Number of protein chains: 2
Amino acid sequence: MIGGWEDIRAEVLRRIRVRDWPPGDLIPTEEALAIEFGCARATVNRALRELAEAGVLERRRKAGTRVAMLPIRKATLDIPVIRQEIEARGQTHAFRLLQQHEGPPPVPVASRLGLPATARLIYLETLHLADGQPFVLETRWLNPAVLPAPLPDFAALSANEWLVTHIAYATGDIAFSAQTATAHEATIMGLSPHAALFITERTTWTAEAPITFVRLAHAPGYRVQTMV
Amino acid sequence: MIGGWEDIRAEVLRRIRVRDWPPGDLIPTEEALAIEFGCARATVNRALRELAEAGVLERRRKAGTRVAMLPIRKATLDIPVIRQEIEARGQTHAFRLLQQHEGPPPVPVASRLGLPATARLIYLETLHLADGQPFVLETRWLNPAVLPAPLPDFAALSANEWLVTHIAYATGDIAFSAQTATAHEATIMGLSPHAALFITERTTWTAEAPITFVRLAHAPGYRVQTMV
DNA sequence: GAGTGGTCTAGACCACCTC
DNA sequence: AGGTGGTCTAGACCACTCT
């Protein structure tokens, strides 16, 4: 019994998997499928649209709907606030503000934010602890020109958290990479030299102006996981 | 002028960003918004549903729609085939099959695939090159019991690519981490010892049986990037 | 019990694109 | 020029869950 759009999505995916409709193949039109499944075309549209967003189908007006030749998998990751991430593991979160000062950013940071190297930004270096053990080192540059005054005491309230409640829902981009720990990082986080760190870098923007660039250096063992 | 569901989504997001509707706030019902915007409720539903999927809104029947308190950002990553990824950089792809044999997998691999440690799997070790330089080392275990026969010559056709066209659209999970290069990896990829590698691990399943586990060790400098 | 979102319908018009 | 997907409508019923 085929009921709602989720059943239709499952049935279409099944036909693709058993190679009833192999990669590159043109599948029936929405109207034809609606007749076959005995439902409205809007219901078929919902199912096929979800599969297209997942990269399984390619749809073009007039040309029809094809099974994607090279399935670019779309993996979706959750990027939570650090405190939330630690507490979700059943550990207690704490943090220490290691440095705070104002001045011009390093050139790579300035260029990422699209600001001149002479801009004055606030630099924050914060170590986050999970059950007292170093979890992630956060190095952040903030653009005070676009932040709501007054700024809080970042030794008492993590910048990571303050931004969520004050600059929520801005746009930005995220990048992941692996880097060898610097001597500074190894000392602060209590790691052996040359430890491999998982690096998350995020740039955040409002409509017009850059807000912040943050680099998170995660202690060894950190994993980012997803379900496809 | 407010037209389609994308305009409604933009307007709702604008009100959230200017804190017209701050985090935790209950926003008007679909019906109320449909009246305000002069459109059908289904159109408002489409806009709010997209924002809920992006983690901006939280919706519950009867309780209504709220602006999310802790915005868990959903980052979407594209996971392309290796050849495609290299060619997208304007480089030429080549690969060398370094090892191929059949036998029981290491315990961690067996447990990830949910197979007994006595299972016989095919082990493949492939080095992918971009413009002749080591790009990623692929170590893969294949479950021959669920693969369509005959298997190809993996020295001529990359397993990475063969699976796409023969086992497309299976389910699985993906994990990212950072690891220090082993002596073996450093030698093969021509890296200094202790280089930090970006690791991608993927497990792939059909409905019932595990198909393959693959570990990709990316050369230093590799980045995974996304737009939010 | 009642209010809210989730979904479906039957029809319509339109944008886009291949033919 | 015509076929296909993209979207919208007005209405309806249902599932869920808060009160």
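Being a predicted model, the structure only gives us computed values, none of them experimental. In the text below, chain A, chain B and the rest are named by the order of the sequence lines, each starting its count at 1.
Atoms CD (A/E31) and C1' (C/dT9) sit 15 Å apart, rounded to a whole Å. Distance, A/F37 CZ to C/dC8 C1': 16 Å, rounded to whole Å. The CZ-C1' distance, from A/R46 to D/dT7, rounds to 14 Å in whole Å. Rounded to a whole Å, the CD atom of A/E30 is 14 Å from the C1' atom of C/dC16. Here the C1' atom of nucleotide C/dG6 and the CG atom of B/L33 are 16 Å apart, to the nearest Å. Distance CH2 (B/W5) to P (D/dT7): 6 Å, rounded to an integer number of Å.
Closest-nucleotide positions on DNA chain C for B/I27 and B/A42 were compared, and the one nearer the 5' end corresponds to B/I27. Mapping B/L48 and A/A40 onto DNA chain C by nearest heavy atom places B/L48 closer to the 5' end of the strand.
For the pair A/R61 and D/dG3, the criterion of a side-chain N or O lying under 4.0 Å from OP1 or OP2 is not met. Checking the phosphate oxygens (OP1, OP2) of C/dC16, no side-chain nitrogen or oxygen of A/R60 falls inside 4.0 Å. A close approach under 4.0 Å does not occur between any side-chain nitrogen or oxygen of B/T29 and OP1 or OP2 of C/dG3. For D/dT4, neither phosphate oxygen OP1 nor OP2 lies less than 4.0 angstrom from any side-chain nitrogen or oxygen of A/T65. A/N45 has a side-chain polar atom (N or O) that falls below the 4.0 Å cut-off from OP1 or OP2 of D/dG6.
Using a 3.5 Å distance cut-off with no hydrogens or angles, the side chains of B/R215 and B/T139 do not pair a donor with an acceptor. When only modelled atom types and interatomic distance are considered, A/R140 and A/T126 share no side-chain donor-acceptor pair under 3.5 Å.
Contact detail for B/N143 and B/P210: the closest heavy-atom pair is ND2-O, 2.9 Å.
Partners of B/T92 under the side-chain hydrogen bond (donor to acceptor under 3.5 Å, both in side chains) rule, at least two apart in sequence or in another chain, are B/D131.
The base of C/dG6 sits within donor-acceptor range of the side chain of B/R41, with an N or O pair under 3.5 Å.
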